[in-house]
Amino acid sequence: MFSRAVRPTGSLARSLSRGLSSSSPNHAKVAVLGASGGIGQPLSLLLKNSPLVSQLSLYDIAHTPGVAADLSHIETRAQVKGYMGPEQLGAALQGCEVVVIPAGVPRKPGMTRDDLFNTNATIVATLVDACARNCPSATICIIANPVNSTIPITAEVMKKHGVFNPNRVFGVTTLDIVRANTFVAELKGLDPARVNVPVVGGHAGKTIIPLISQCTPKVEFPAEQLSALTARIQDAGTEVVKAKAGAGSATLSMAYAGARFTFSVLDAMNGKEGVVECAFVRSEETECKYFSTPLLLGKNGIEKNLGLGKLSAFEEKLVADAVDELKGSIKKGEEFVANMK
């Protein structure tokens, strides 16, 4: 599906090395909203370590000054400042070009992403409202679950302020790609950093659709193994929640994935060509208003939606089976904003 010029960005290690060797000027100010949490802290650490970031603005409702002070001692050029509480939210966002939002409550054993909805929907709506007021042209990267609903929420809040740009609002689904790459590499004895599996659809359960037929390098699995592999990729979040036995959800791998996506956005903003990532965005590729597909990124966000490409019969059925659930999640997010006081 992808030519060499538009092959997806790949591993975080390569993203970091690219930034380290780059001589192009960059003065990106990046905000992390939810910076004191289980995802926010390691994500902020990875961002601090990147030469693509010159200013790192950290916000949360507690502990942010300590996180910022800790990170500020690291010998990289990014200047770090912490902001705490609603009264400092606006200041945290002033001048930011990229805003990453991992804020929200994590999943616990037995919880579905829908169980998180009411709490996280309110958090995301509040934070995005502040973005619309303070950095309306920033690129917004939403990690907070359920992404299938929080992206429609983000769009509707931005629309209320008249600043919604569909090319700059992303639901970060990169963890699904990272997991798919890892699991395929394990089964085939490959280097996971050299594997790329596009993952389309959404970011929950059966809406997560790995396109194994489009994997590079090309791989094949017997039908039964393909079905089991697909199910494992779709349920991988639950795998981590169970393994942590109530102590949290996927935080470290999500921080890695969030950083990888942010670096891709920054690379593209800097003029690097051929940067491709999958993300959950406003879309006309299917009958769903929002859908994740590979995206060619550019200086202004999405440069081109690369679409679904050629699907196998197995994958076509996965897409068909996901549509109703995706539509329901999208509608739920839109209705939440419509009913906000």
Side-chain angles (χ1 to χ4, degrees), residues 30-40 43-44 57-62 64 83-86 88-90 92-93 96 98-108 111-136 138-161 163-166 168-175 202-204 207 237 249-251 254-255 257-258 261-262 265 279-282 289-290 292 326 328-341:
V30 179
V32 179
L33 308 185
S36 299
I39 297 169
L43 172 61
S44 299
S57 182
L58 307 182
Y59 171 82
D60 215 319
I61 56 172
T64 339
Y83 300 86
M84 188 170 71
Q88 293 186 9
L89 177 56
L93 292 167
C96 288
V98 178
V99 180
V100 190
I101 306 183
V105 298
R107 285 173 69 199
K108 294 183 172 61
M111 285 179 80
T112 66
R113 284 179 171 84
D114 274 351
D115 293 332
L116 306 179
F117 179 81
N118 285 328
T119 299
N120 285 359
T122 301
I123 292 169
V124 169
T126 301
L127 295 176
V128 170
D129 182 82
C131 292
R133 295 174 191 276
N134 294 280
C135 53
T139 295
I140 311 293
C141 306
I142 303 289
I143 292 172
N145 273 318
V147 165
N148 294 355
S149 296
T150 55
I151 284 299
I153 287 170
T154 299
E156 294 304 307
V157 170
M158 301 290 275
K159 285 176 189 176
K160 283 191 170 185
H161 290 275
V163 295
F164 175 54
N165 181 344
R168 289 190 178 275
V169 173
F170 298 94
V172 180
T173 62
T174 315
L175 182 52
H203 187 53
T207 71
S249 57
T251 53
M254 185 62 248
F261 186 80
T262 305
V265 167
F280 189 66
V281 298
R282 187 77 174 86
K289 287 186 192 175
Y290 299 86
S292 179
L326 261 180
S329 298
I330 292 165
K331 184 179 179 183
K332 190 173 183 179
E334 291 175 338
E335 288 179 345
F336 177 84
V337 178
N339 294 328
M340 278 172 56
K341 295 179 181 177

Any residue meeting ring-ring contact (aromatic ring centres under 6.0 Å, His included) with Y290, in chain and number order, not counting sequence neighbours: none
side-chain contact (heavy atoms from CB on, under 4.5 Å) between I140 and C131, worked out: CA-CA 8 Å; I140 311 293; C131 292; 4.0 Å; yes
Tell me if a side-chain donor or acceptor on K331 pairs with a main-chain N or O of L326 at a distance below 3.5 Å. no
Can you list the residues that meet the side chain to side chain donor-acceptor pair (under 3.5 Å) rule with K289, with sequence neighbours excluded? E334
Under the rule for side-chain contact (heavy atoms from CB on, under 4.5 Å), what residues qualify as partners of A125, not counting sequence neighbours? I153, V157, F336, M340
For F164, enumerate each residue passing the ring-ring contact (aromatic ring centres under 6.0 Å, His included) test, keeping only those at least two apart in sequence or located in another chain. none
With sequence neighbours excluded, tell me which residues meet side chain to side chain donor-acceptor pair (under 3.5 Å) with T207. N148
Which residues pass the ring-ring contact (aromatic ring centres under 6.0 Å, His included) test with F170, not counting sequence neighbours? F261
Interatomic distance, NE2@H161 vs CG@D129, rounded to 0.5 Å, equals 3.5 Å
Does a side-chain heavy-atom distance below 4.5 Å link Y59 with L127? yes
My understanding is that only residues two or more places apart in sequence, or in another chain, count here; which of them pass side-chain contact (heavy atoms from CB on, under 4.5 Å) with T119? V105, I123
Partners meeting side chain to side chain donor-acceptor pair (under 3.5 Å) with N134 (sequence neighbours left out): Q94
Given the rule in the side-chain contact (heavy atoms from CB on, under 4.5 Å) test, do F117 and K332 qualify, once you have shown the distances and angles that lead to the verdict? CA-CA 9 Å; F117 179 81; K332 190 173 183 179; 3.6 Å; yes
Which residues satisfy the side chain to side chain donor-acceptor pair (under 3.5 Å) test with T139, sequence neighbours excluded? R168
K159: salt bridge (charged side-chain N to carboxylate O under 4.0 Å, His left out) partners, not counting sequence neighbours: E156
Looking at residues at least two apart in the chain, or sitting in another chain, which of them share a side-chain contact (heavy atoms from CB on, under 4.5 Å) with T251? I39, K244
Sidechain-backbone polar pair: T150 side chain, A144 backbone, donor-acceptor under 3.5 Å: yes
